[in-house]
Amino acid sequence: MRRRSLLIAVPAGLATLAACGDDKSDSGKASDSASPSAPQTSAAPPPKIVDGPLPAITAGTKFDEKPTVAKGSGDPSDQLAVKTVIAGGGKTIAENDFVVAHYLGQIWDSGKVFDNSYDRGARLALPLTQGAIIDGWRYGLIGKKAGSRVQMAVPPTWGYGEQGNAQAGIKGTDTLVFVVDVKDTYKATSSAKGTEVAQDDKDLPKVGTNTDGKAPTIDVPDADAPKKLVASYVIEGDGEEVGAEDSILVQYKGVLWDGGKEFDSTYKKGQLTSFPLQQVVKGWAQGLTGKKVGSRVLVVIPPELGYGDTPPEGSGIKKDSTLVFSVDILAKL
């Protein structure tokens, strides 16, 4: 079973894209551990960044290896201790970025690991936005570079506060130790990168090829909707191929075939979204499997691979609607 981290709430758009019907898998259930989601109250002043103390990493010392971290020795700092263990050479992380990262978190006093993404086999895309993640992560990662391993000791003030996190066994007095391997960082304006592919079929929608972070146009033709799934490159990237069980980070825009009305968009929300392909409608899962990271993909989903006669309430999608999406695959997690 792949557990879902409690890092963030349901990401923007996922409620619309979520698969309908009887899902016998428990992959969508919340993890019984915790990760650095924001507590209900978070209004502390900025911390002072200090060098330590920080417990030793005793095994798994390479980037992207699951680390083993010693129990904290003595009293932790009451400020935010941050150390770049491995310096990367990628993009600089800024506030409100989405960082794609593996991480492990444990409690200073006991050394108990309360969450890690390495065992789940997939990185997470984490928004460094106030209120979406604990402040220790925001202050500790901003200014670091992608490709870095960063270790942090986060006091309660910039962690879960006095309430702690009972589900994870975190008390309101616990300092938390994190090791974070940042693979990459993305902005809300991130777009596909690759080679434009000719859109020659006059009976299919035409998708804009702009990569300036603005939503591409989707022009639906005055024609009957295709009966079968369509998934074709608009821009072909050169990254890894997406597998059927992978999680991905995307930008997307969705419109109805009938009338071309937009019903969902990460561009409009100003926030990227990530999800496992096993937890979205079949048309998305089938259409994006095998496509390359960095690509923009036109996906036309017939009703039986979308929502059929049970569209999400309040979505603006009618029963038996054909859906048209432009999807930028930014990263495989």
>> Show the nearest heavy-atom pair for residues Phe325 and Gly254, with the distance to one decimal.
In response: CD2-CA, 3.5 Å

>> Please find the pair of heavy atoms, one from Pro156 and one from Thr173, that lie closest to each other, and give the distance.
In response: CG-C, 3.6 Å

>> Starting from Phe63, can I reach Val85 by hopping between I/L/V/M/F/W/Y residues whose side chains sit under 4.5 Å apart?
In response: yes

>> If you apply the rule ring-ring contact (aromatic ring centres under 6.0 Å, His included), what do you find for Phe114 with Tyr160, and how did you get there?
In response: CA-CA 13 Å; Phe114 58 82; Tyr160 290 104; 7.1 Å; no

> Is it the case that one hydrophobic cluster holds both Val299 and Ile218, taking links as side-chain heavy atoms less than 4.5 Å apart, direct or via other members?
Replying inline: no

> When Ser117 is tested against each of Arg123, Lys66, His102 for side chain to side chain donor-acceptor pair (under 3.5 Å), which residue passes?
Replying inline: His102

> Honestly, is Lys91 close enough over Tyr186, meaning NZ or CZ under 6.0 Å from the six-membered ring centre and within 45° of the axis?
Replying inline: yes

>> Has Asp174 got a side-chain atom pairing as donor or acceptor with Leu176's backbone, closer than 3.5 angstrom?
In response: no

> Using 4.0 Å as the upper bound for N to carboxylate O, is an ion pair formed by Asp246 and Lys332?
Replying inline: yes

> Have Thr84 and Lys144 got a donor and an acceptor in their side chains that come within less than 3.5 Å?
Replying inline: yes

> Does Leu128 reach the side chain of Glu95, with side-chain heavy atoms less than 4.5 Å apart?
Replying inline: no

> Please walk me through it: do Tyr118 and Asp64 pass side chain to side chain donor-acceptor pair (under 3.5 Å)?
Replying inline: CA-CA 8 Å; Tyr118 302 91; Asp64 258 0; 5.7 Å; no

> Is the Phe275 ring parallel, tilted or perpendicular to the Trp284 ring (thresholds 30°, 60°)?
Replying inline: perpendicular

>> When you group the ILVMFWY residues by side-chain heavy-atom contacts below 4.5 Å and let the links chain together, are Val324 and Tyr233 in the same group?
In response: no

>> For a quick check under 3.5 Å, do Glu236 and Ser295 share a side-chain donor-acceptor pair by atom type?
In response: no

